[in-house]
Amino acid sequence: MKDKFKDLDEGALYDYIYHCNAQEPSGESAFRALTVCVGWAKNPMLQRIQEIDSRIPITMIYGSRSWVDSESGWAVKDLRKDSVVDVHVVKGSGHHVYSEQASEFNTLVRRACDFADSLARQEEEAGEALRLDGDDEASTRETLARSVSVLTMKDNPPRVGVVLD
């Protein structure tokens with residue numbers, strides 16, 4: 001691991017490993033709650049992807065050498081023809097794209113965020129700021145919350161989640 005992250009300050013790597021192990025394992029708890037056996041989803045997103053409001057853009061980033069197959073990303077793109085769905089496969093990266101190809105990962109995430117921001121600005125300029133249902137802010141929050149709940153397990157929610165503010 002030290003060789004893989006040789007460009008980082010050695011102390012930062014050890015601090016990271018320490019904090020990953022010293023805290024309550026919320027990420028691992030969520031992963032275990034959401035999966036069956038070694039990484040198979042209990043409630044696959046592909047079966048629920050149509051429940052997310054079509055105006056919410058989706059970006060998926062995969063490593064070309066990851067054990068996670070990018071075919072589901074392409075299937076999402078096919079299922080959501082009336083939505084913006086971007087699928088990126090980062091060449092030369094394994095599963096941990098954020099660390100193995102950090103610069104490209106950050107560029108892709110920044111691009112996705114900038115695009116979402118530009119959609120929000122367009123809606124705001126059109127007088128429809130965050131009015132996904134053409135309704136009031138409470139209705140919009142409800143729509144976003146429904147879309148976010150699709151991303152989590154409904155019967156056995158993990159300890160981590162998304163906060164809408």
Side-chain angles (χ1 to χ4, degrees), residues 26-165:
S26 61
E28 289 81 358
S29 296
F31 186 76
R32 185 165 186 255
L34 295 170
T35 59
V36 177
C37 201
V38 185
W40 293 99
K42 287 181 182 176
N43 191 5
M45 193 62 227
L46 198 54
Q47 298 170 5
R48 299 171 288 138
I49 200 73
Q50 297 287 45
E51 296 176 37
I52 296 176
D53 189 292
S54 64
R55 291 166 284 186
I56 296 175
I58 296 175
T59 298
M60 298 182 174
I61 303 171
Y62 299 91
S64 65
R65 297 181 298 110
S66 176
W67 56 272
V68 175
D69 188 357
S70 64
E71 286 304 311
S72 59
W74 298 110
V76 168
K77 189 171 182 73
D78 188 52
L79 287 169
R80 294 177 54 91
K81 290 184 186 343
D82 296 332
S83 297
V84 174
V85 177
D86 288 327
V87 179
H88 302 277
V89 179
V90 179
K91 290 182 182 177
S93 182
H95 181 65
H96 300 279
V97 182
Y98 58 89
S99 67
E100 296 174 24
Q101 300 288 335
S103 180
E104 186 167 354
F105 177 81
N106 289 338
T107 297
L108 293 170
V109 170
R110 190 171 294 119
R111 190 179 305 152
C113 292
D114 288 346
F115 179 74
D117 287 346
S118 72
L119 289 178
R121 278 191 299 277
Q122 289 172 11
E123 289 178 355
E124 190 174 299
E125 290 169 3
E128 303 170 359
L130 291 176
R131 302 295 186 254
L132 295 176
D133 288 331
D135 214 340
D136 61 12
E137 184 175 345
S139 176
T140 295
R141 285 179 179 275
E142 184 179 324
T143 299
L144 288 171
R146 274 196 314 271
S147 292
V148 169
S149 73
V150 169
L151 300 173
T152 62
M153 286 192 54
K154 295 174 182 174
D155 298 328
N156 189 13
R159 294 184 195 173
V160 296
V162 176
V163 177
L164 297 173
D165 187 18

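These numbers come from the heavy atoms of this one structure, side chains and all, not from hydrogens, waters or symmetry mates.
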Student: Sequence neighbours left out, what pairs pass salt bridge (charged side-chain N to carboxylate O under 4.0 Å, His left out) with at least one residue falling in residues 77-90?
Tutor: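 Residue pairs passing salt bridge (charged side-chain N to carboxylate O under 4.0 Å, His left out), neighbours aside: D78-K81.
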Student: Measuring from atom CD1 of I49 to atom OG of S72, what distance do you get when rounded to the nearest 0.5 angstrom?
Tutor: 9.5 Å
Student: Carefully, step by step, assess L108 and V90 under the rule side chain to side chain contact (heavy atoms under 4.5 Å, CB included).
Tutor: CA-CA 10 Å; L108 293 170; V90 179; 3.9 Å; yes
Student: Heavy atoms only: give me the nearest V87-G73 pair and the separation to one decimal.
Tutor: CG2-O, 3.3 Å
Student: Does T59 have any side-chain hydrogen bond (donor to acceptor under 3.5 Å, both in side chains) partners at least two apart in sequence or in another chain, and if so, which?
Tutor: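 Partners of T59 by the side-chain hydrogen bond (donor to acceptor under 3.5 Å, both in side chains) criterion come out as none, since no residue qualifies.
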Student: Looking at every non-hydrogen atom in both residues, tell me the closest pair between S93 and Q101 and how far apart they are.
Tutor: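 That closest heavy-atom pairing would be CB-CG, 3.5 Å.
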Student: Tell me which pairs pass salt bridge (charged side-chain N to carboxylate O under 4.0 Å, His left out) where either residue lies in residues 107-120, with sequence neighbours left out.
Tutor: none
Student: Working note: L46 + L79, criterion side chain to side chain contact (heavy atoms under 4.5 Å, CB included); need CA distance, chi angles, decisive distance, verdict.
Tutor: CA-CA 9 Å; L46 198 54; L79 287 169; 3.7 Å; yes
Student: Which ring-ring contact (aromatic ring centres under 6.0 Å, His included) pairs, counting each pair once, include a residue from residues 96-121, with sequence neighbours left out?
Tutor: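 Every ring-ring contact (aromatic ring centres under 6.0 Å, His included) pair that includes a residue of residues 96-121, provided the two are not neighbours, is H96-Y98.
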Student: If we only count heavy atoms from C-beta on, is the I52 to M45 side-chain gap below 4.5 Å?
Tutor: yes
Student: For the pair E100 (side chain) and G94 (backbone), establish whether a donor and an acceptor sit closer than 3.5 Å, ignoring hydrogens and angles.
Tutor: yes
Student: Between G92 and S64, what is the shortest heavy-atom contact and its length?
Tutor: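 For G92 versus S64, the nearest heavy atoms are N-OG, 2.9 Å.
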Student: Would you find a donor on one side and an acceptor on the other, under 3.5 Å apart, between the side chain of S83 and the backbone of V85?
Tutor: no
